[in-house]
Protein chains: 2
Amino acid sequence: MPRATAQAASHGPRDDDKRERILAAALEAFSAQGFDGATTREIATRAGVNLGLIQYYFEGKENLWRAAVERAFEQIRESLAPVLSDPSLTDEDARTRSVIRAWVRFVATRPEFVHLMHDEGRRDSPRMRWLVDNHVRPLYDGICGMLTRAQEQGRLPADIDVVHFHYIVVGATSLIFHQGEECKRLTGVNPADEAVIEQHATAVETLLLGPPSKETPR
Amino acid sequence: MPRATAQAASHGPRDDDKRERILAAALEAFSAQGFDGATTREIATRAGVNLGLIQYYFEGKENLWRAAVERAFEQIRESLAPVLSDPSLTDEDARTRSVIRAWVRFVATRPEFVHLMHDEGRRDSPRMRWLVDNHVRPLYDGICGMLTRAQEQGRLPADIDVVHFHYIVVGATSLIFHQGEECKRLTGVNPADEAVIEQHATAVETLLLGPPSKETPR
DNA sequence: GTCTATATTATGATAGAC
DNA sequence: GTCTATCATAATATAGAC
(Lines give C-alpha, C1' and ligand atoms only; values in the text may rest on other atoms or scores of the structure.)
Protein backbone atom coordinates (compact mmCIF):
# COMPACT_ATOMS: atom_id res chain seq x y z
CA MET A 1 0.00 0.00 0.00
CA PRO A 2 2.66 2.51 -0.94
CA ARG A 3 0.70 4.79 -3.23
CA ALA A 4 -2.94 5.70 -3.57
CA THR A 5 -3.46 6.44 0.08
CA ALA A 6 -4.18 10.13 -0.19
CA GLN A 7 -5.55 9.91 -3.72
CA ALA A 8 -8.10 7.27 -2.95
CA ALA A 9 -9.57 9.38 -0.19
CA SER A 10 -10.09 12.63 -2.08
CA HIS A 11 -10.05 13.17 -5.80
CA GLY A 12 -9.72 16.19 -7.94
CA PRO A 13 -12.69 17.31 -9.98
CA ARG A 14 -11.79 15.61 -13.23
CA ASP A 15 -9.75 12.46 -12.61
CA ASP A 16 -12.90 10.58 -11.70
CA ASP A 17 -13.95 9.21 -15.05
CA LYS A 18 -12.68 5.67 -14.81
CA ARG A 19 -13.01 5.56 -11.07
CA GLU A 20 -16.70 6.32 -11.44
CA ARG A 21 -17.17 3.66 -14.05
CA ILE A 22 -15.50 1.10 -11.84
CA LEU A 23 -17.78 2.08 -8.98
CA ALA A 24 -20.91 1.76 -11.08
CA ALA A 25 -19.85 -1.61 -12.47
CA ALA A 26 -18.93 -2.80 -8.99
CA LEU A 27 -22.33 -1.91 -7.57
CA GLU A 28 -23.96 -3.80 -10.40
CA ALA A 29 -21.73 -6.83 -10.05
CA PHE A 30 -21.78 -7.08 -6.28
CA SER A 31 -25.54 -6.76 -6.13
CA ALA A 32 -26.12 -9.17 -8.97
CA GLN A 33 -23.67 -11.86 -7.91
CA GLY A 34 -22.90 -11.14 -4.30
CA PHE A 35 -19.47 -10.39 -2.91
CA ASP A 36 -18.13 -13.88 -3.48
CA GLY A 37 -19.72 -14.39 -6.85
CA ALA A 38 -18.55 -11.11 -8.31
CA THR A 39 -15.03 -10.97 -9.71
CA THR A 40 -12.77 -7.99 -10.05
CA ARG A 41 -11.96 -9.07 -13.59
CA GLU A 42 -15.57 -8.89 -14.63
CA ILE A 43 -16.01 -5.55 -12.93
CA ALA A 44 -13.01 -4.15 -14.76
CA THR A 45 -14.28 -5.51 -18.07
CA ARG A 46 -17.78 -4.17 -17.57
CA ALA A 47 -16.34 -0.80 -16.62
CA GLY A 48 -14.14 -0.88 -19.69
CA VAL A 49 -10.99 -0.33 -17.68
CA ASN A 50 -7.91 -2.27 -16.85
CA LEU A 51 -7.85 -4.71 -13.96
CA GLY A 52 -4.92 -2.95 -12.35
CA LEU A 53 -6.93 0.22 -11.95
CA ILE A 54 -9.16 -1.37 -9.36
CA GLN A 55 -6.11 -1.97 -7.25
CA TYR A 56 -4.87 1.54 -7.89
CA TYR A 57 -8.08 3.26 -6.89
CA PHE A 58 -9.50 0.95 -4.25
CA GLU A 59 -6.63 -1.19 -3.02
CA GLY A 60 -8.56 -4.41 -3.32
CA LYS A 61 -11.93 -6.04 -3.66
CA GLU A 62 -13.03 -5.45 -0.08
CA ASN A 63 -12.49 -1.72 -0.30
CA LEU A 64 -14.18 -1.54 -3.65
CA TRP A 65 -17.21 -3.17 -2.08
CA ARG A 66 -17.27 -0.59 0.69
CA ALA A 67 -17.07 2.25 -1.79
CA ALA A 68 -19.89 0.78 -3.85
CA VAL A 69 -22.06 0.43 -0.75
CA GLU A 70 -21.40 4.03 0.27
CA ARG A 71 -22.65 5.01 -3.14
CA ALA A 72 -25.83 2.97 -2.75
CA PHE A 73 -26.64 4.55 0.58
CA GLU A 74 -26.11 8.04 -0.79
CA GLN A 75 -28.76 7.22 -3.34
CA ILE A 76 -31.24 5.98 -0.79
CA ARG A 77 -30.79 9.07 1.36
CA GLU A 78 -31.36 11.25 -1.67
CA SER A 79 -34.53 9.35 -2.50
CA LEU A 80 -36.06 9.62 0.93
CA ALA A 81 -34.94 13.13 1.85
CA PRO A 82 -37.62 15.01 -0.13
CA VAL A 83 -40.42 13.02 1.48
CA LEU A 84 -38.99 13.27 4.97
CA SER A 85 -38.89 17.07 4.77
CA ASP A 86 -41.92 17.71 2.59
CA PRO A 87 -43.81 20.60 4.27
CA SER A 88 -47.03 19.82 2.39
CA LEU A 89 -47.44 16.64 4.44
CA THR A 90 -49.47 17.96 7.31
CA ASP A 91 -50.35 15.01 9.53
CA GLU A 92 -48.14 12.14 10.64
CA ASP A 93 -50.31 9.53 9.00
CA ALA A 94 -49.90 11.07 5.57
CA ARG A 95 -46.16 11.30 6.06
CA THR A 96 -45.88 7.68 7.15
CA ARG A 97 -47.76 6.59 4.06
CA SER A 98 -45.60 8.75 1.84
CA VAL A 99 -42.42 7.37 3.33
CA ILE A 100 -43.61 3.83 2.76
CA ARG A 101 -44.51 4.56 -0.85
CA ALA A 102 -41.20 6.36 -1.46
CA TRP A 103 -39.37 3.43 0.06
CA VAL A 104 -41.21 0.93 -2.13
CA ARG A 105 -40.42 2.97 -5.21
CA PHE A 106 -36.80 3.13 -4.23
CA VAL A 107 -36.31 -0.57 -3.66
CA ALA A 108 -38.28 -1.29 -6.83
CA THR A 109 -36.08 0.99 -8.87
CA ARG A 110 -32.82 -0.06 -7.28
CA PRO A 111 -33.08 -3.74 -6.40
CA GLU A 112 -29.28 -3.75 -6.22
CA PHE A 113 -29.66 -2.02 -2.91
CA VAL A 114 -31.91 -4.75 -1.58
CA HIS A 115 -29.56 -7.41 -2.84
CA LEU A 116 -26.62 -5.90 -1.03
CA MET A 117 -28.55 -5.71 2.21
CA HIS A 118 -29.93 -9.23 2.02
CA ASP A 119 -26.50 -10.58 1.13
CA GLU A 120 -24.54 -9.02 3.90
CA GLY A 121 -27.05 -8.95 6.72
CA ARG A 122 -27.36 -12.69 6.78
CA ARG A 123 -24.17 -13.61 8.62
CA ASP A 124 -21.72 -12.14 11.04
CA SER A 125 -18.70 -10.76 9.24
CA PRO A 126 -16.55 -7.64 9.21
CA ARG A 127 -18.52 -6.41 6.22
CA MET A 128 -21.82 -6.86 8.03
CA ARG A 129 -20.59 -5.03 11.10
CA TRP A 130 -19.26 -2.17 9.03
CA LEU A 131 -22.52 -1.98 7.12
CA VAL A 132 -24.69 -1.96 10.22
CA ASP A 133 -22.61 0.50 12.20
CA ASN A 134 -22.01 2.96 9.38
CA HIS A 135 -25.15 2.87 7.30
CA VAL A 136 -27.99 0.71 8.55
CA ARG A 137 -28.30 2.09 12.04
CA PRO A 138 -29.10 5.68 11.09
CA LEU A 139 -31.70 4.43 8.66
CA TYR A 140 -33.10 2.06 11.26
CA ASP A 141 -33.36 4.79 13.87
CA GLY A 142 -35.35 6.92 11.47
CA ILE A 143 -37.76 4.14 10.56
CA CYS A 144 -38.21 3.13 14.18
CA GLY A 145 -38.97 6.68 15.22
CA MET A 146 -41.66 6.83 12.59
CA LEU A 147 -43.13 3.48 13.58
CA THR A 148 -42.99 4.24 17.28
CA ARG A 149 -44.97 7.46 16.79
CA ALA A 150 -47.50 5.45 14.80
CA GLN A 151 -47.80 3.12 17.77
CA GLU A 152 -48.16 5.97 20.25
CA GLN A 153 -50.90 7.48 18.14
CA GLY A 154 -52.79 4.21 17.88
CA ARG A 155 -52.18 3.75 14.17
CA LEU A 156 -50.19 0.58 14.84
CA PRO A 157 -50.65 -2.01 17.60
CA ALA A 158 -48.83 -0.78 20.68
CA ASP A 159 -48.11 -4.11 22.33
CA ILE A 160 -45.52 -5.29 19.83
CA ASP A 161 -41.84 -4.40 19.88
CA VAL A 162 -41.00 -2.00 17.09
CA VAL A 163 -38.18 -4.30 15.96
CA HIS A 164 -40.81 -6.62 14.55
CA PHE A 165 -42.51 -3.87 12.65
CA HIS A 166 -39.24 -2.78 11.17
CA TYR A 167 -38.38 -6.18 9.75
CA ILE A 168 -41.97 -6.75 8.70
CA VAL A 169 -42.13 -3.51 6.77
CA VAL A 170 -38.73 -3.92 5.17
CA GLY A 171 -39.37 -7.57 4.35
CA ALA A 172 -42.87 -6.98 3.04
CA THR A 173 -41.80 -4.11 0.84
CA SER A 174 -38.59 -5.49 -0.54
CA LEU A 175 -38.85 -9.24 -1.08
CA ILE A 176 -40.83 -9.09 -4.31
CA PHE A 177 -38.12 -6.89 -5.81
CA HIS A 178 -35.25 -8.82 -4.35
CA GLN A 179 -36.74 -11.97 -5.84
CA GLY A 180 -37.76 -10.18 -9.01
CA GLU A 181 -36.50 -12.85 -11.33
CA GLU A 182 -38.10 -15.60 -9.32
CA CYS A 183 -41.36 -13.68 -9.27
CA LYS A 184 -41.36 -13.39 -13.04
CA ARG A 185 -40.83 -17.09 -13.54
CA LEU A 186 -43.14 -18.16 -10.73
CA THR A 187 -46.07 -15.85 -11.33
CA GLY A 188 -45.55 -14.15 -14.68
CA VAL A 189 -45.72 -10.81 -12.91
CA ASN A 190 -42.85 -8.42 -13.52
CA PRO A 191 -42.15 -6.44 -10.35
CA ALA A 192 -40.36 -3.79 -12.39
CA ASP A 193 -43.63 -2.68 -13.99
CA GLU A 194 -44.92 0.67 -12.84
CA ALA A 195 -48.41 -0.66 -12.11
CA VAL A 196 -47.03 -3.56 -10.10
CA ILE A 197 -44.88 -1.23 -8.03
CA GLU A 198 -47.86 0.96 -7.17
CA GLN A 199 -50.01 -2.07 -6.35
CA HIS A 200 -47.34 -3.33 -4.05
CA ALA A 201 -47.05 -0.01 -2.28
CA THR A 202 -50.81 0.10 -1.87
CA ALA A 203 -50.92 -3.43 -0.55
CA VAL A 204 -48.31 -2.79 2.12
CA GLU A 205 -49.82 0.55 3.03
CA THR A 206 -53.26 -1.01 3.39
CA LEU A 207 -52.16 -3.90 5.54
CA LEU A 208 -50.06 -1.72 7.79
CA LEU A 209 -52.11 1.45 8.16
CA GLY A 210 -55.46 0.70 6.59
CA PRO A 211 -56.81 1.65 3.16
CA PRO A 212 -55.38 4.86 1.73
CA SER A 213 -57.56 7.96 1.70
CA LYS A 214 -59.14 9.12 -1.57
CA GLU A 215 -56.55 11.64 -2.66
CA THR A 216 -53.34 9.68 -2.26
CA PRO A 217 -50.40 11.89 -3.17
CA ARG A 218 -48.74 10.52 -6.27
CA MET B 1 -18.81 -39.99 -14.64
CA PRO B 2 -17.88 -43.67 -14.89
CA ARG B 3 -19.02 -44.89 -11.52
CA ALA B 4 -21.58 -43.70 -9.00
CA THR B 5 -24.41 -43.43 -11.48
CA ALA B 6 -26.67 -46.07 -10.06
CA GLN B 7 -25.38 -45.78 -6.50
CA ALA B 8 -25.96 -42.05 -6.25
CA ALA B 9 -29.60 -42.46 -7.16
CA SER B 10 -30.59 -45.11 -4.67
CA HIS B 11 -28.72 -46.23 -1.62
CA GLY B 12 -28.92 -49.26 0.53
CA PRO B 13 -30.10 -48.94 4.09
CA ARG B 14 -26.73 -48.68 5.78
CA ASP B 15 -24.20 -47.08 3.44
CA ASP B 16 -25.64 -43.66 4.15
CA ASP B 17 -23.58 -42.58 7.09
CA LYS B 18 -21.02 -40.36 5.39
CA ARG B 19 -23.37 -39.38 2.62
CA GLU B 20 -25.77 -38.03 5.23
CA ARG B 21 -23.06 -36.10 6.98
CA ILE B 22 -22.00 -34.52 3.70
CA LEU B 23 -25.58 -33.52 3.00
CA ALA B 24 -26.02 -31.93 6.41
CA ALA B 25 -22.74 -30.05 6.16
CA ALA B 26 -23.62 -28.93 2.64
CA LEU B 27 -26.96 -27.51 3.70
CA GLU B 28 -25.22 -25.61 6.47
CA ALA B 29 -22.46 -24.33 4.24
CA PHE B 30 -24.60 -23.36 1.27
CA SER B 31 -27.10 -21.54 3.41
CA ALA B 32 -24.45 -19.81 5.46
CA GLN B 33 -22.14 -18.76 2.64
CA GLY B 34 -24.21 -19.07 -0.51
CA PHE B 35 -23.40 -21.31 -3.42
CA ASP B 36 -20.36 -19.31 -4.52
CA GLY B 37 -19.07 -18.67 -1.04
CA ALA B 38 -19.26 -22.26 0.11
CA THR B 39 -16.41 -24.57 -0.82
CA THR B 40 -16.47 -28.29 -1.27
CA ARG B 41 -13.33 -28.55 0.82
CA GLU B 42 -14.95 -26.88 3.78
CA ILE B 43 -18.03 -29.03 3.41
CA ALA B 44 -15.92 -32.16 3.42
CA THR B 45 -13.99 -30.98 6.45
CA ARG B 46 -17.10 -30.05 8.39
CA ALA B 47 -18.63 -33.39 7.53
CA GLY B 48 -15.47 -35.13 8.66
CA VAL B 49 -15.09 -36.95 5.38
CA ASN B 50 -12.69 -36.95 2.52
CA LEU B 51 -13.03 -34.45 -0.30
CA GLY B 52 -13.19 -37.18 -2.89
CA LEU B 53 -16.36 -38.57 -1.36
CA ILE B 54 -18.33 -35.56 -2.45
CA GLN B 55 -17.43 -36.38 -6.01
CA TYR B 56 -18.21 -40.02 -5.47
CA TYR B 57 -21.68 -39.45 -4.02
CA PHE B 58 -22.82 -36.30 -5.75
CA GLU B 59 -20.68 -35.90 -8.84
CA GLY B 60 -19.88 -32.30 -8.18
CA LYS B 61 -20.82 -29.16 -6.32
CA GLU B 62 -23.92 -28.33 -8.35
CA ASN B 63 -25.51 -31.70 -7.71
CA LEU B 64 -24.63 -31.55 -4.06
CA TRP B 65 -26.48 -28.25 -3.87
CA ARG B 66 -29.56 -29.77 -5.46
CA ALA B 67 -29.54 -32.68 -3.04
CA ALA B 68 -29.20 -30.31 -0.09
CA VAL B 69 -32.12 -28.25 -1.32
CA GLU B 70 -34.30 -31.33 -1.75
CA ARG B 71 -33.56 -32.09 1.85
CA ALA B 72 -34.58 -28.63 2.96
CA PHE B 73 -37.89 -28.83 1.17
CA GLU B 74 -38.68 -32.20 2.64
CA GLN B 75 -38.31 -30.58 6.04
CA ILE B 76 -40.62 -27.72 5.22
CA ARG B 77 -43.29 -30.05 3.92
CA GLU B 78 -43.04 -32.13 7.07
CA SER B 79 -43.39 -29.01 9.21
CA LEU B 80 -46.48 -27.69 7.46
CA ALA B 81 -48.27 -30.97 6.79
CA PRO B 82 -49.74 -31.43 10.30
CA VAL B 83 -51.27 -27.95 10.28
CA LEU B 84 -52.59 -28.25 6.77
CA SER B 85 -54.49 -31.40 7.64
CA ASP B 86 -55.36 -30.71 11.25
CA PRO B 87 -59.05 -31.69 11.67
CA SER B 88 -59.40 -29.68 14.90
CA LEU B 89 -59.12 -26.46 12.90
CA THR B 90 -62.76 -25.83 12.12
CA ASP B 91 -62.95 -22.51 10.32
CA GLU B 92 -60.75 -21.16 7.55
CA ASP B 93 -59.63 -18.18 9.58
CA ALA B 94 -58.20 -20.36 12.32
CA ARG B 95 -56.42 -22.49 9.76
CA THR B 96 -54.90 -19.49 8.02
CA ARG B 97 -53.60 -18.20 11.32
CA SER B 98 -52.18 -21.59 12.21
CA VAL B 99 -50.42 -21.90 8.89
CA ILE B 100 -48.85 -18.49 9.30
CA ARG B 101 -47.66 -19.33 12.79
CA ALA B 102 -46.32 -22.70 11.70
CA TRP B 103 -44.53 -21.04 8.83
CA VAL B 104 -42.96 -18.45 11.12
CA ARG B 105 -41.80 -21.17 13.48
CA PHE B 106 -40.31 -23.09 10.60
CA VAL B 107 -38.31 -20.22 9.12
CA ALA B 108 -37.22 -19.19 12.61
CA THR B 109 -35.97 -22.68 13.37
CA ARG B 110 -34.41 -23.27 9.97
CA PRO B 111 -33.06 -19.98 8.71
CA GLU B 112 -30.91 -22.00 6.31
CA PHE B 113 -34.03 -22.54 4.31
CA VAL B 114 -34.66 -18.82 4.03
CA HIS B 115 -31.06 -18.20 3.10
CA LEU B 116 -31.22 -20.66 0.25
CA MET B 117 -34.39 -19.12 -1.11
CA HIS B 118 -33.15 -15.56 -0.86
CA ASP B 119 -29.87 -16.50 -2.47
CA GLU B 120 -31.18 -18.28 -5.47
CA GLY B 121 -34.39 -16.39 -6.16
CA ARG B 122 -32.55 -13.17 -6.81
CA ARG B 123 -31.25 -13.81 -10.31
CA ASP B 124 -32.05 -15.88 -13.33
CA SER B 125 -29.95 -19.02 -13.44
CA PRO B 126 -30.35 -22.73 -14.03
CA ARG B 127 -30.42 -23.26 -10.29
CA MET B 128 -33.19 -20.70 -9.86
CA ARG B 129 -35.29 -22.27 -12.59
CA TRP B 130 -34.84 -25.73 -11.17
CA LEU B 131 -35.74 -24.47 -7.71
CA VAL B 132 -38.88 -22.68 -8.84
CA ASP B 133 -40.17 -25.41 -11.11
CA ASN B 134 -39.49 -28.30 -8.77
CA HIS B 135 -40.08 -26.92 -5.30
CA VAL B 136 -41.30 -23.36 -5.05
CA ARG B 137 -44.31 -23.60 -7.32
CA PRO B 138 -46.20 -26.28 -5.36
CA LEU B 139 -45.62 -24.31 -2.18
CA TYR B 140 -46.67 -21.10 -3.88
CA ASP B 141 -49.87 -22.65 -5.19
CA GLY B 142 -50.80 -23.76 -1.71
CA ILE B 143 -50.16 -20.37 -0.14
CA CYS B 144 -52.02 -18.58 -2.93
CA GLY B 145 -55.04 -20.82 -2.56
CA MET B 146 -55.17 -20.03 1.11
CA LEU B 147 -54.77 -16.29 0.55
CA THR B 148 -57.30 -16.23 -2.29
CA ARG B 149 -59.93 -17.85 -0.08
CA ALA B 150 -59.18 -15.24 2.57
CA GLN B 151 -59.80 -12.58 -0.05
CA GLU B 152 -63.06 -14.18 -1.20
CA GLN B 153 -64.26 -14.35 2.38
CA GLY B 154 -63.44 -10.72 3.02
CA ARG B 155 -60.63 -11.45 5.46
CA LEU B 156 -58.12 -9.83 3.13
CA PRO B 157 -58.61 -6.90 0.74
CA ALA B 158 -60.01 -8.27 -2.51
CA ASP B 159 -58.74 -5.63 -4.90
CA ILE B 160 -55.08 -6.58 -4.71
CA ASP B 161 -53.43 -9.30 -6.76
CA VAL B 162 -52.59 -12.30 -4.60
CA VAL B 163 -49.00 -12.19 -5.85
CA HIS B 164 -48.44 -9.15 -3.67
CA PHE B 165 -49.83 -10.84 -0.60
CA HIS B 166 -47.62 -13.82 -1.18
CA TYR B 167 -44.40 -11.81 -1.27
CA ILE B 168 -45.60 -9.58 1.55
CA VAL B 169 -46.33 -12.54 3.80
CA VAL B 170 -43.14 -14.38 2.98
CA GLY B 171 -41.05 -11.23 3.24
CA ALA B 172 -42.66 -10.07 6.46
CA THR B 173 -42.31 -13.44 8.12
CA SER B 174 -38.81 -14.34 7.03
CA LEU B 175 -36.60 -11.27 6.84
CA ILE B 176 -35.95 -10.96 10.56
CA PHE B 177 -34.68 -14.53 10.58
CA HIS B 178 -32.77 -14.25 7.35
CA GLN B 179 -31.04 -11.17 8.76
CA GLY B 180 -30.77 -12.73 12.19
CA GLU B 181 -27.18 -11.74 12.73
CA GLU B 182 -27.81 -8.21 11.53
CA CYS B 183 -30.82 -7.99 13.82
CA LYS B 184 -28.75 -8.99 16.81
CA ARG B 185 -26.11 -6.37 16.15
CA LEU B 186 -28.56 -3.67 15.11
CA THR B 187 -31.21 -4.08 17.78
CA GLY B 188 -29.84 -6.40 20.43
CA VAL B 189 -32.83 -8.66 19.82
CA ASN B 190 -32.07 -12.29 19.09
CA PRO B 191 -34.61 -13.65 16.60
CA ALA B 192 -33.81 -17.18 17.66
CA ASP B 193 -35.41 -16.61 21.08
CA GLU B 194 -38.69 -18.40 21.61
CA ALA B 195 -40.46 -15.27 22.84
CA VAL B 196 -39.23 -13.27 19.87
CA ILE B 197 -40.47 -15.91 17.46
CA GLU B 198 -43.93 -15.87 18.99
CA GLN B 199 -44.05 -12.09 19.02
CA HIS B 200 -43.12 -12.03 15.38
CA ALA B 201 -45.82 -14.53 14.49
CA THR B 202 -48.35 -12.48 16.42
CA ALA B 203 -47.25 -9.27 14.74
CA VAL B 204 -47.64 -10.69 11.24
CA GLU B 205 -50.90 -12.39 12.11
CA THR B 206 -52.31 -9.17 13.55
CA LEU B 207 -51.34 -6.97 10.63
CA LEU B 208 -52.62 -9.43 8.08
CA LEU B 209 -55.78 -10.82 9.66
CA GLY B 210 -56.44 -8.68 12.69
CA PRO B 211 -55.73 -9.43 16.36
CA PRO B 212 -55.79 -13.11 17.29
CA SER B 213 -58.75 -14.42 19.21
CA LYS B 214 -58.41 -15.17 22.94
CA GLU B 215 -57.67 -18.85 22.73
CA THR B 216 -54.90 -18.94 20.13
CA PRO B 217 -53.88 -22.55 19.53
CA ARG B 218 -50.34 -23.04 20.73
C1' DG C 1 -2.84 7.25 -14.36
C1' DT C 2 -2.86 3.36 -17.10
C1' DC C 3 -1.27 -0.72 -18.82
C1' DT C 4 1.12 -5.63 -19.24
C1' DA C 5 2.79 -9.21 -17.19
C1' DT C 6 3.10 -12.45 -13.37
C1' DA C 7 3.12 -14.25 -8.56
C1' DT C 8 0.17 -16.59 -5.34
C1' DT C 9 -3.64 -18.92 -3.76
C1' DA C 10 -7.68 -21.54 -3.57
C1' DT C 11 -11.05 -24.16 -5.69
C1' DG C 12 -13.53 -27.85 -8.35
C1' DA C 13 -12.50 -31.89 -10.27
C1' DT C 14 -9.82 -36.21 -11.54
C1' DA C 15 -6.79 -40.42 -11.31
C1' DG C 16 -5.69 -44.14 -9.13
C1' DA C 17 -4.01 -46.88 -4.91
C1' DC C 18 -6.07 -49.46 -1.25
C1' DG D 1 -16.32 -46.95 -0.37
C1' DT D 2 -12.61 -44.34 1.06
C1' DC D 3 -8.39 -42.15 0.78
C1' DT D 4 -4.05 -39.59 -1.20
C1' DA D 5 -2.24 -37.16 -4.43
C1' DT D 6 -2.48 -34.01 -8.28
C1' DC D 7 -4.27 -31.33 -12.28
C1' DA D 8 -6.38 -27.39 -14.39
C1' DT D 9 -8.34 -23.29 -13.77
C1' DA D 10 -9.68 -18.95 -12.19
C1' DA D 11 -9.25 -15.23 -9.00
C1' DT D 12 -6.94 -11.63 -6.13
C1' DA D 13 -3.16 -9.10 -5.77
C1' DT D 14 1.59 -7.33 -7.07
C1' DA D 15 5.60 -5.47 -9.73
C1' DG D 16 7.05 -2.61 -12.76
C1' DA D 17 7.18 -0.52 -17.67
C1' DC D 18 5.26 3.44 -20.02
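FYI, side chains are in, hydrogens and waters are out, and symmetry mates aren't considered; it's all heavy atoms of this structure. Chain naming here is simple, since letters A, B, ... match the order of the sequence lines and numbering starts at 1 in each. What you see is a predicted model; the values in this text were computed from it and never measured.
Of the candidate nucleotides D:dA11, D:dT14, C:dA13, D:dA11 has the atom nearest to the side chain of A:Thr39. Across C:dT14, C:dT2, D:dT2, the shortest atom-to-atom separation from the side chain of A:Leu53 is found for C:dT2. Here D:dA13 is the nucleotide among D:dA13, C:dG12, C:dT14 with the atom lying nearest to any side-chain atom of A:Lys61.
Distance OH (B:Tyr56) to P (D:dA5): 21 Å, rounded to an integer number of Å. Spacing between atom CD1 of A:Ile54 and atom P of D:dA13 amounts to 10 Å, rounded to whole angstrom units. Look at CD on A:Glu62: it is 18 Å from P on D:dA11, rounded to the nearest Å. The separation between A:Ile43 atom CD1 and D:dA11 atom C1' is 12 Å, rounded to whole Å. One atom, CD1 of B:Ile22, and another, P of D:dC3, lie 9 Å apart when rounded to the nearest Å. When the P atom of C:dT11 is taken as reference, atom CD of B:Glu42 falls 9 Å away, rounded to whole Å. Here C:dT11 presents its C1' atom at 14 Å from CD of B:Gln33, a figure rounded to the nearest Å. Between B:Trp65 atom CH2 and C:dG12 atom C1' there is a gap of 18 Å when expressed in whole angstrom units.
No contact: B:Ala44 has no heavy atom under 4.0 Å from any strand.
For A:Thr40, no side-chain nitrogen or oxygen approaches OP1 or OP2 of D:dA11 to under 4.0 Å. At least one side-chain nitrogen or oxygen of A:Tyr57 sits closer than 4.0 Å to the OP1 or OP2 atom of C:dT2.
Looking at residues two or more places apart in sequence or on another chain, you find a ring-ring contact (aromatic ring centres under 6.0 Å, His included) between B:His178 and A:His118, B:His115, B:His118. In this structure, the ring-ring contact (aromatic ring centres under 6.0 Å, His included) partners of B:His135, at least two apart in sequence or on a different chain, are B:Phe73, B:Trp130. Remark: B:Gln75 engages B:Arg110 in a side chain to side chain donor-acceptor pair (under 3.5 Å) (not counting sequence neighbours).
Counted by atom type alone, A:Ser79 and A:Arg105 present zero donor-acceptor pairs between their side chains at under 3.5 Å.
Taking each heavy atom of A:Val83 and A:Leu89 in turn, the nearest pair found is O-CD1, 3.8 Å.
Under the salt bridge (charged side-chain N to carboxylate O under 4.0 Å, His left out) criterion, the residue pairs touching residues 43-53 of chain B are B:Glu28-B:Arg46, B:Glu42-B:Arg46, with sequence neighbours excluded.
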Residues 137-148 of chain B, side-chain donor-acceptor partners within the protein, below 3.5 Å, at least two apart:
residue: B:Arg137; atom: NH1; partner: A:Leu186; partner atom: O; Å: 3.0
residue: B:Arg137; atom: NH2; partner: B:Asp133; partner atom: OD1; Å: 3.0
residue: B:Thr148; atom: OG1; partner: B:Cys144; partner atom: O; Å: 2.7

Review item, nucleotides 4-9 of chain C N/O atoms under 3.5 Å of protein N/O:
residue: C:dT4; atom: OP2; partner: A:Asn50; partner atom: ND2; Å: 2.9

